[in-house]
Amino acid sequence: MNRYQAVQDVLQLYFDGLYHADPSRLTRAFHPKAIYATADNDPFLFRTMDDYMTAVAQRVSPASRIEPRQDVIDAIEFAGDNTAFARVRCAIANRQFVDFLTLVKTQDTWRILSKVFHIKPTPAPSE
């Protein structure tokens, strides 16, 4: 499998984990030492993977609410054979997310090492 497809596969696992609020999928997508952060909260929000997985496990999944999926990969860039960056977007409930994900390849496996994201409210439908 080529590296682009391998990263796409990790991103799909990530999207599936978010949509189903499934820590087991997300654990497979993220490196165990990954970080999760956003400056949209005050104070700044930073979580370890343990904290993040605990939060995910407590969510009501978008799948259970039959929300339409809005997963988009905007870009994947490679810095070398074992380092990549992805800009992705998704929506959960009434919020849209722009995620900057860094990925690393260790032991022949690509995983997300950091998730830094921006949250924006979903625009109201036009009347």
Side-chain angles (χ1 to χ4, degrees):
M1 173 184 320
N2 71 45
R3 66 184 184 172
Y4 190 83
Q5 184 61 54
V7 168
Q8 281 185 314
D9 290 350
V10 172
L11 297 177
Q12 187 59 55
L13 184 61
Y14 167 72
F15 287 141
D16 291 346
L18 292 175
Y19 188 70
H20 294 281
D22 182 354
S24 67
R25 291 179 191 177
L26 291 171
T27 297
R28 292 192 326 264
F30 280 92
H31 189 280
K33 295 189 179 198
I35 62 164
Y36 169 102
T38 184
D40 287 341
N41 292 21
D42 189 18
F44 173 84
L45 176 64
F46 171 86
R47 289 186 172 149
T48 64
M49 283 298 98
D50 288 341
D51 294 338
Y52 180 45
M53 295 309 151
T54 298
V56 168
Q58 296 171 359
R59 292 180 183 166
V60 175
S61 74
S64 70
R65 294 189 299 256
I66 312 171
E67 291 181 18
R69 290 190 66 159
Q70 300 178 47
D71 311 331
V72 178
I73 299 172
D74 289 326
I76 297 172
E77 297 179 27
F78 292 90
D81 292 336
N82 60 8
T83 307
F85 166 82
R87 183 187 191 277
V88 303
R89 291 178 286 131
C90 66
I92 299 173
N94 62 348
R95 299 183 298 173
Q96 296 177 351
F97 296 84
V98 176
D99 299 342
F100 290 165
L101 306 173
T102 58
L103 297 97
V104 294
K105 181 179 176 187
T106 59
Q107 300 173 344
D108 293 328
T109 303
W110 285 97
R111 296 182 81 185
I112 300 166
L113 186 60
S114 68
K115 170 182 176 167
V116 179
F117 62 98
H118 173 70
I119 308 165
K120 52 188 180 177
T122 301
S126 301
E127 296 185 32

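- With hydrophobic clusters built from ILVMFWY side chains whose heavy atoms lie under 4.5 angstrom apart, Phe78 does not share a cluster with Val104.
- When all heavy atoms of Ala34 and Ile112 are compared, the pair lying nearest together is CB-O, 3.5 Å.
- Follow the hydrophobic side-chain contacts under 4.5 Å out from Val88 and you reach Phe97 in the same cluster.
- The CG atom of Leu113 sits 10.5 Å away from atom CG of Leu101, with the distance rounded to the nearest 0.5 Å.
- For Asp74, the side-chain hydrogen bond (donor to acceptor under 3.5 Å, both in side chains) test picks out Arg87, Arg89, with sequence neighbours left out.
- Applying the salt bridge (Lys or Arg N to Asp or Glu O under 4.0 Å) definition to pairs two or more places apart or across chains, those involving residues 21-31 are Asp22-Arg25.
- With hydrophobic clusters built from ILVMFWY side chains whose heavy atoms lie under 4.5 angstrom apart, Met53 shares a cluster with Leu45.
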Table please: side-chain donor-acceptor pairs of residues 3-11 below 3.5 Å, with sequence neighbours left out.
residue, atom, partner, partner atom, Å
Arg3, NH1, Gly80, O, 3.1
Gln5, NE2, Asp9, OD1, 2.7

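- Separation of atoms CZ (Arg111) and OG1 (Thr27) is listed at 8.0 Å; rounding is to 0.5 Å.
- In this structure, Arg47 has no side-chain hydrogen bond (donor to acceptor under 3.5 Å, both in side chains) partners at least two apart in sequence or on a different chain.
- By the side-chain hydrogen bond (donor to acceptor under 3.5 Å, both in side chains) test, Thr48 pairs with Asp51, sequence neighbours left out.
- Under the side-chain contact (heavy atoms from CB on, under 4.5 Å) criterion, Ser114 pairs with Ile35, Thr102, sequence neighbours left out.
- Ala93 meets the side-chain contact (heavy atoms from CB on, under 4.5 Å) test with Arg65, Glu67; sequence neighbours excluded.
- Summarising the geometry of Ile76 relative to Ile73, their closest heavy-atom pair is CG1-CG2, 3.8 Å, with the distance given to 0.1 Å.
- Minimum heavy-atom separation, Phe44 to Thr38: CD1-O, 3.5 Å.
- Looking at residues two or more places apart in sequence or on another chain, you find a ring pair (Phe, Tyr, Trp, His ring centres under 6.0 Å) between Tyr36 and Tyr52, Phe117.
- For Lys33, the side-chain contact (heavy atoms from CB on, under 4.5 Å) partners are His31, not counting sequence neighbours.
- Both Leu26 and Ile92 are part of a single hydrophobic cluster, where members link through side-chain heavy atoms under 4.5 Å apart.
- The ring of Tyr14 has its center no closer than 6.0 angstrom to the ring center of Trp110.
- Summarising the local packing, CG of Asn2 is surrounded by more than 12 heavy atoms from other residues, nucleotides or ligands at distances under 6.0 Å.
- The hydrophobic cluster containing Tyr19, built from Ile/Leu/Val/Met/Phe/Trp/Tyr side-chain heavy atoms closer than 4.5 Å, comprises no other residue.
- Residues passing the side-chain contact (heavy atoms from CB on, under 4.5 Å) test with Ser64, sequence neighbours excluded: Val60, Ser61.
- Once rounded to the nearest 0.5 Å, the distance linking CG of Leu18 with NZ of Lys115 reads 5.0 Å.
- With sequence neighbours excluded, the residues satisfying ring pair (Phe, Tyr, Trp, His ring centres under 6.0 Å) with Phe85 are Phe100.
- To the nearest 0.5 angstrom, Ile119 atom CD1 is 9.5 Å from Asp99 atom CG.
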